[in-house]
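So that the names make sense, note that chain A is the first sequence line, chain B the second, and so on, each numbered from 1.
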Amino acid sequence: MKIYNTMTGMKEAFVPLQPGKVGMYACGVTVYDYCHVGHARSAIVFDVISRYLRYKGFQTTFVRNFTDIDDKIIRRANETGATWDAVAAQFIEEYYRDMDALGIARADIEPKATDHIAEMIEVIRTLIAKGHAYAVREGDNESVYFAVDTFAEYGKLSKKDLEDLRAGARVGVDERKKSPMDFALWKASKAGEPWWESPWGKGRPGWHIECTAMSMRHLGETIDIHGGGADLIFPHHENEIAQSEAFSGKPFARYWVHNGFITIDKEKMSKSLGNFFTIREILKSYDAEVIRLFVLSSHYRSPIEFSQDQLRDAEASLDRYYSTIARIEEFIAVSAGAAPKMQPAAAAALKNVMERFQPQFVEAMDDDFNTAIAVGHLFEMIRELNRFLDTKPSGAEAAGLLADAREMLRSVGAVLNLFGRTPHQWNVDLLRAKQIALTEEVILRKIQERRVARENRDWAAADALRQELDAAGILLEDKKDGTGWRVKIV
RNA sequence: GGCGACGUACCCAAGUGGUAAGGGAGAGGUCUGCAAAACCUUUAUUCAGCGGUUCGAAUCCGCUCGUCGCCUCCA
């Protein structure tokens, strides 16, 4: 298995610290607002990575944190009149609502920054003792900064040169810092801000220190995989490395994994640009699985352009998948008991694709979690299954083959957490996602009416019913043993 | 200004040395009472451009053009 490591800029063979075990930490969200599609991408990517690691047999411990204390949370609290911890609690809840909908599994450990203040203080103390950090008085309390000059390898992750950073510093230089690049480990609390008691008086943690404290507490001083969005490379992850390695003297993470952005009109989707869609907004008109497939159709490091067209593409692909599964189920129900019949060439072609399917999936995922290729193979299988069905086979052997194929798709789909529903459920859920004002009951009644009309060879009445449903967004499919319905895509 | 990505058909997208996956859209066909789905055919002698290395390059190197990201909070 190979993983692209941001640290080296290369795909590397994945060798965990302890054979068979993986410790992985992904930076989660700061809980001050609803999540947007960019957050969804990151969550989906690391969800799939952890699922795949388990699929490969690694005993995986996955930690994803919540940043529940920070300037933005405090600001939000001040704006809304709520307390800072109420804001955090609310948006953790909202986060779970969105992520649960998207099929993001809970991480094994989901720590909160504020539950690890003691660990952070311990790390900061040691860093001061080792000469890597210094306290600066601010009123009655002190702030503590990490002295970047004491960590010779600073910049190794983001490939930045300390001199360039200084020269290009765009932020107003804080007079109290020894060097402009020094960053806060601990912030003296200002009036009205939340605070914790510390050796430096009343204060609160800086942003980066929480990940060091939580990662070490839950996974040890060196972990296998540390991930997050590409925008965290600098300064967040760079600073984590500096403080963590200065503290422990050991490598902090062996593989650094960063997902690419979601863009709109080629620009990064972000709060500050205002060009974002919340997960919740998208879920008003698309099924959650559509978002998942949209994300997993590209490699996790590539930028993906967000648009309605893209979502519709993903929706059409999913519909194709579920339609094929529906065909298979129908075949098994209807034709399995019939006289055995299979065209040898068609059966051989299907068997061939089936044999290659799982190894190809593993090969794709082993190559830096290439879900785009994996999804490609999945749809090749779909095409082959349809081809086979078109040869009109029958009998138990054909049914067995199709059942095996369906099971393969299901088990591989589970790693991506896709394709988990029945075709019927997919269509029922689409009624809601597409806000179609018909219930399944009504649709079935219309189909019944149309059946009667067709039996009477009243084609005009039958077609009128078809058109009526079509106008509402429902397609009817006449088959040998009856008429089925599906939600029209696009 | 510094650093780093990326540029593959109408659209999306994989492909990091061996002769262009897959999906969508379009056109034609098979099937169908009409449809739909599905399948078949068709859409890049070519991978932003120009040079170079090589028996061989979309893949490696150089330059040019274009787009984006990070350098400040950001998934």
Side-chain angles (χ1 to χ4, degrees), chain A residues 6 9 11 26-30 32 35-46 70-72 75 155 158-161 163-165 167-172 181 207 227-236 238 258-263 265-273 276 293-294 297-299 301-305 307 309-310 312-321 323-324 326-327 360 364 367 370-383 385-391 454 457 459-460 462-463 466-467 470 475-479 483-486 488-490:
Chain A
T6 307
K11 282 185 201 171
C27 288
V29 292
T30 300
Y32 73 103
C35 290
H36 60 61
V37 185
H39 299 111
R41 182 182 196 185
S42 195
I44 290 167
V45 163
F46 290 100
D70 139 289
D71 290 351
K72 290 193 292 288
R75 196 191 316 135
S158 54
K159 314 286 182 284
K160 289 187 190 305
D161 183 81
E163 289 309 313
D164 292 341
L165 281 173
R170 283 197 264 151
V171 199
M181 295 319 297
W207 174 32
D231 45 6
L232 297 181
I233 295 170
F234 190 89
H236 186 51
E238 195 67 69
H258 294 97
N259 64 274
F261 302 126
I262 290 190
T263 61
D265 294 330
K266 304 269 184 191
E267 268 187 321
K268 176 183 169 183
M269 178 184 289
S270 74
K271 280 271 161 62
S272 47
L273 287 168
F276 62 91
L293 182 61
F294 160 68
S297 294
S298 301
H299 183 88
R301 282 186 284 116
S302 306
I304 17 179
E305 174 74 8
S307 69
D309 285 350
Q310 295 271 62
R312 268 192 283 266
D313 277 2
E315 191 175 54
S317 295
L318 275 175
D319 197 56
R320 179 171 158 80
Y321 176 87
S323 299
T324 303
R327 279 188 88 185
Q360 282 182 326
D367 186 9
N370 199 328
T371 55
I373 291 257
V375 167
H377 289 316
L378 247 142
F379 282 96
E380 280 171 45
M381 170 83 112
I382 290 295
R383 190 184 54 192
L385 286 165
N386 278 311
R387 245 182 220 149
F388 179 70
L389 285 163
D390 277 1
T391 63
R454 292 179 77 209
R457 307 187 71 82
W459 305 126
D463 288 354
R466 174 192 288 291
Q467 272 161 32
D470 186 87
L475 283 176
L476 297 185
E477 298 189 343
D478 292 329
K479 285 167 280 195
T483 298
W485 65 274
R486 47 209 296 274
K488 192 163 63 168
I489 299 299
V490 181

Measure [atom1]/[X] against [atom2]/[N] and give the value in whole Å, please.
X: A:I373; N: B:A14; atom1: CD1; atom2: P; result: 9 Å
X: A:D265; N: B:G69; atom1: CG; atom2: P; result: 12 Å
X: A:M381; N: B:G23; atom1: CE; atom2: P; result: 14 Å
X: A:R41; N: B:G69; atom1: CZ; atom2: P; result: 14 Å
X: A:F294; N: B:A13; atom1: CZ; atom2: C1'; result: 12 Å
X: A:M269; N: B:C70; atom1: CE; atom2: P; result: 14 Å
X: A:H299; N: B:G23; atom1: NE2; atom2: P; result: 21 Å
X: A:K268; N: B:U72; atom1: NZ; atom2: P; result: 13 Å

Whole-Å [atom1] distance, [N] and [M]:
N: B:C61; M: B:G69; atom1: C1'; answer: 25 Å
N: B:G22; M: B:U41; atom1: P; answer: 11 Å
N: B:A25; M: B:U64; atom1: C1'; answer: 34 Å
N: B:G17; M: B:U53; atom1: C1'; answer: 12 Å
N: B:U46; M: B:A21; atom1: P; answer: 16 Å
N: B:C70; M: B:A75; atom1: C1'; answer: 14 Å
N: B:C11; M: B:A44; atom1: C1'; answer: 14 Å
N: B:A13; M: B:G23; atom1: P; answer: 16 Å

Residue pair [X] / [Y], side-chain heavy-atom distance below 4.5 Å:
X: A:T324; Y: A:M381; value: no
X: A:D470; Y: A:K488; value: yes
X: A:S317; Y: A:D313; value: no
X: A:F379; Y: A:I382; value: yes
X: A:H236; Y: A:F234; value: no

Out of [options], which nucleotide sits closest to the side chain of [X]?
X: A:E267; options: B:G2, B:C68, B:A75; answer: B:C68
X: A:F379; options: B:A14, B:G23, B:A75; answer: B:G23
X: A:P235; options: B:U72, B:A13, B:G23; answer: B:U72

What's [X] touching, base or sugar-phosphate or nothing? Going by heavy atoms closer than 4.0 Å.
X: A:G38; value: base
X: A:I262; value: base
X: A:K160; value: base
X: A:S302; value: sugar-phosphate
X: A:I233; value: nothing
X: A:H377; value: nothing

Residue whose nearest RNA chain B nucleotide is more 5′ - A:K11 or A:G260: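 On the 5' side of the pair lies A:K11.
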Please tell me which of A:S297 and A:G229 maps to the more 5' nucleotide of RNA chain B, matching each residue to the nucleotide holding its nearest heavy atom.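 This one resolves to A:S297.
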Grab the stems for RNA chain B, please: at least three consecutive Watson-Crick or wobble pairs, both distances below 3.5 Å, written as range with range.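 Paired runs of 3+ in RNA chain B: B:1-7 with B:65-71, B:10-12 with B:22-24, B:26-30 with B:38-42, B:48-52 with B:60-64.
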Checking [X] side chain against [Y] main chain: does a donor-acceptor pair fall under 3.5 Å?
X: A:D367; Y: A:N370; answer: no
X: A:R454; Y: A:A462; answer: no
X: A:H39; Y: A:H36; answer: yes
X: A:D70; Y: A:K72; answer: yes
X: A:Q310; Y: A:E305; answer: yes

Looking at A:D390 and A:R387, is there a salt bridge between them, counting it only when a charged N and a carboxylate O are closer than 4.0 Å?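 No.
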Between atom CZ of A:F261 and atom OG of A:S42, what is the distance when rounded to the nearest 0.5 Å?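 A:F261 CZ to A:S42 OG: 10.0 Å, rounded to 0.5 Å.
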Letter by letter from the 5' end, nucleotides 32-39 of chain B scores (B base, S sugar-phosphate only, - none; protein heavy atoms under 4.0 Å) -BBBBSBS
Pick out the pairs of N or O atoms, protein on one side and nucleotides 5-12 of chain B on the other, that lie under 3.5 Å.
from	atom 1	to	atom 2	distance (Å)
B:C12	O2'	A:Q310	OE1	2.8

Where do A:C27 and A:L232 come nearest, in terms of heavy atoms and distance?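 Answer, listing the atom of A:C27 first, then A:L232: CB-CD1, 3.6 Å.
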